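Some notes on the structure that comes next.
Being a predicted model, the structure only gives us computed values, none of them experimental.
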Amino acid sequence: AEPRYLQALEIRRAIYPAEHPLIAQTLNNYATVLQHRGLFDAAEPLYREAIAINRKVRGGKSPDVAPAGHNLGGLRYSTGANDAAEPVLQEALSIYRTIYGDDSPATASPMMHLGMIDSARRDFTAAEPLLRRAAELSRTGVGEGHPQVALADGNLGEMLIDKGELEEGGRLLRSAI
């Protein structure tokens, strides 16, 4: 997939203006492929460029800004750069809430990442409601048995165990397997 995205990016850069939404979309998609391959240093500037293009072309609160911001926040979270991840995840969550509403499953993933950041900081009071809500929204959005629900339950379970609530945390971790 990586060579195809690189080729698509080169073609789009050749035929569209530098700040075109299709270039931003391709940058975001290409960065996601790089991120999944563990090439975090290569992916991050592509996400940042996609965000910058979408902000300039579409405006700061556009639905086009949120996916790349969410992806950048997730990348930063996965590399332990929680302080850098938090503001972009908060922005993505705010955009998703504005566009889709508080009850949208689209808010679950950035909410889950924010909860995990709070959990890593051992701020369980902030983490727990975010992780519980993310699990609930995931369950509502994709249904039981979906990997997104297992991930949300697993993250909530880990936080509860860290908090000392071993029974519920263990049950959630077992259900996530």
TODO: Inspect the contact between D103 and R97 and indicate whether a charged nitrogen and a carboxylate oxygen are less than 4.0 angstrom apart.
DONE: no

- [ ] Give the intermediate values and the outcome of side chain to side chain contact (heavy atoms under 4.5 Å, CB included) for residues E86 and N82.
- [x] CA-CA 6 Å; E86 189 172 29; N82 292 343; over 6 Å; no

Open item on the list: Between E165 and R171 (salt bridge meaning N to carboxylate O under 4.0 Å), is one present in this structure?
Closed with: no

Task: Closest non-hydrogen atom pair, T125 against P129 - done: O-CD, 3.1 Å

Open item on the list: As a quick check of understanding, evaluate side chain to side chain contact (heavy atoms under 4.5 Å, CB included) for D162 and F124, giving each step before the final call.
Closed with: CA-CA 9 Å; D162 289 346; F124 303 126; 3.8 Å; yes

TODO: Report the distance from atom CG of L173 to atom CD1 of I161, rounding to the nearest 0.5 Å.
DONE: 4.5 Å

TODO: Identify which one of T98, I99, L93 satisfies the side-chain contact (heavy atoms from CB on, under 4.5 Å) criterion when paired with I95.
DONE: I99

- [ ] To the nearest 0.5 angstrom, please state how far the CD atom of E49 sits from the CG atom of N54.
- [x] 10.5 Å

TODO: Provide the closest heavy-atom pair for P87 versus D83 in the form atom of the first, atom of the second, distance.
DONE: CD-O, 3.1 Å

Open item on the list: When you measure from the side chain of S78 to the backbone of L75, do you find a donor-acceptor pair of N or O atoms at a distance under 3.5 Å?
Closed with: yes

Open item on the list: Could you tell me if the side chain of M112 sits less than 4.5 Å from the side chain of T107, heavy atoms only?
Closed with: no

TODO: Please name all residues satisfying salt bridge (charged side-chain N to carboxylate O under 4.0 Å, His left out) with R12, sequence neighbours left out, ordered by chain then number.
DONE: none

Open item on the list: Within a 6.0 Å radius of atom CG on D102, are there more than 12 heavy atoms belonging to other residues, nucleotides or ligands?
Closed with: yes

- [ ] Answer with yes or no whether the side chains of Q35 and Y47 bring together a donor and an acceptor at under 3.5 Å.
- [x] yes

Open item on the list: Do P21 and R58 make a side-chain contact, defined as non-hydrogen atoms from C-beta onward lying under 4.5 Å apart?
Closed with: yes

Task: Residues R139, E136: salt bridge by 4.0 Å N-O rule - done: no

Open item on the list: Check for me, please, whether I117 and L160 land in the same ILVMFWY cluster - side-chain distances under 4.5 Å, paths through other members count.
Closed with: yes

Open item on the list: Hydrogens and angles aside, do H146 and S138 bring a side-chain donor and acceptor to less than 3.5 Å of each other?
Closed with: no

- [ ] Kindly give the heavy-atom pair with the smallest separation between G74 and H113, and that separation in Å.
- [x] CA-NE2, 3.9 Å

Task: Counterpart residues, side chain to side chain donor-acceptor pair (under 3.5 Å), relative to K56 (two or more places apart) - done: E19

Task: Charged N-O contact under 4.0 Å between E44 and R76 - done: yes

Open item on the list: To the closest 0.5 Å, what do you measure between CZ (F40) and OG1 (T79)?
Closed with: 7.0 Å

- [ ] Measure the spacing between CD of Q90 and CE of M111 and express it to the nearest 0.5 Å.
- [x] 12.0 Å

Task: Heavy-atom side-chain proximity of N28 to L46 below 4.5 angstrom - done: no

Open item on the list: Just so I know, are the side chains of R48 and L72 near enough to count as touching, which here means a heavy-atom distance under 4.5 Å?
Closed with: yes

Task: Heavy-atom donor-acceptor pair, T26 side chain to L22 backbone, under 3.5 Å - done: yes

- [ ] Indicate the ring-plane relationship of H70 and Y96, choosing parallel, tilted or perpendicular according to the 30° and 60° boundaries.
- [x] perpendicular

Open item on the list: Quick check on R121: does its CZ atom have over 12 non-hydrogen neighbours (other residues, nucleotides or ligands) under 6.0 Å away?
Closed with: yes

Open item on the list: Under the criterion side chain to side chain contact (heavy atoms under 4.5 Å, CB included), I'd like the reasoning laid out for R13 against I23: C-alpha separation, chi angles, the key distance, then a yes or no.
Closed with: CA-CA 7 Å; R13 285 191 194 271; I23 291 175; 4.3 Å; yes

Open item on the list: Checking N155 against L172 for the side chain to side chain contact (heavy atoms under 4.5 Å, CB included) test, could you report, in this order, the C-alpha distance in whole Å, the side-chain angles of both residues, the deciding distance, and whether it holds?
Closed with: CA-CA 9 Å; N155 286 335; L172 285 164; over 6 Å; no

Task: Connected via hydrophobic side-chain network under 4.5 Å: L9 and I11 - done: yes

Task: Short side-chain to backbone donor-acceptor contact, D153 and A176, under 3.5 Å - done: no

Open item on the list: Count I, L, V, M, F, W, Y as connected when their side-chain heavy atoms are under 4.5 Å apart, and connections chain through other members. Are I15 and Y30 then in the same cluster?
Closed with: yes

Task: same_hphob_cluster(L114, L137) at 4.5 Å side-chain heavy-atom cutoff - done: yes

Task: Side-chain ion pair, E128 and R132, N-O less than 4.0 Å - done: yes

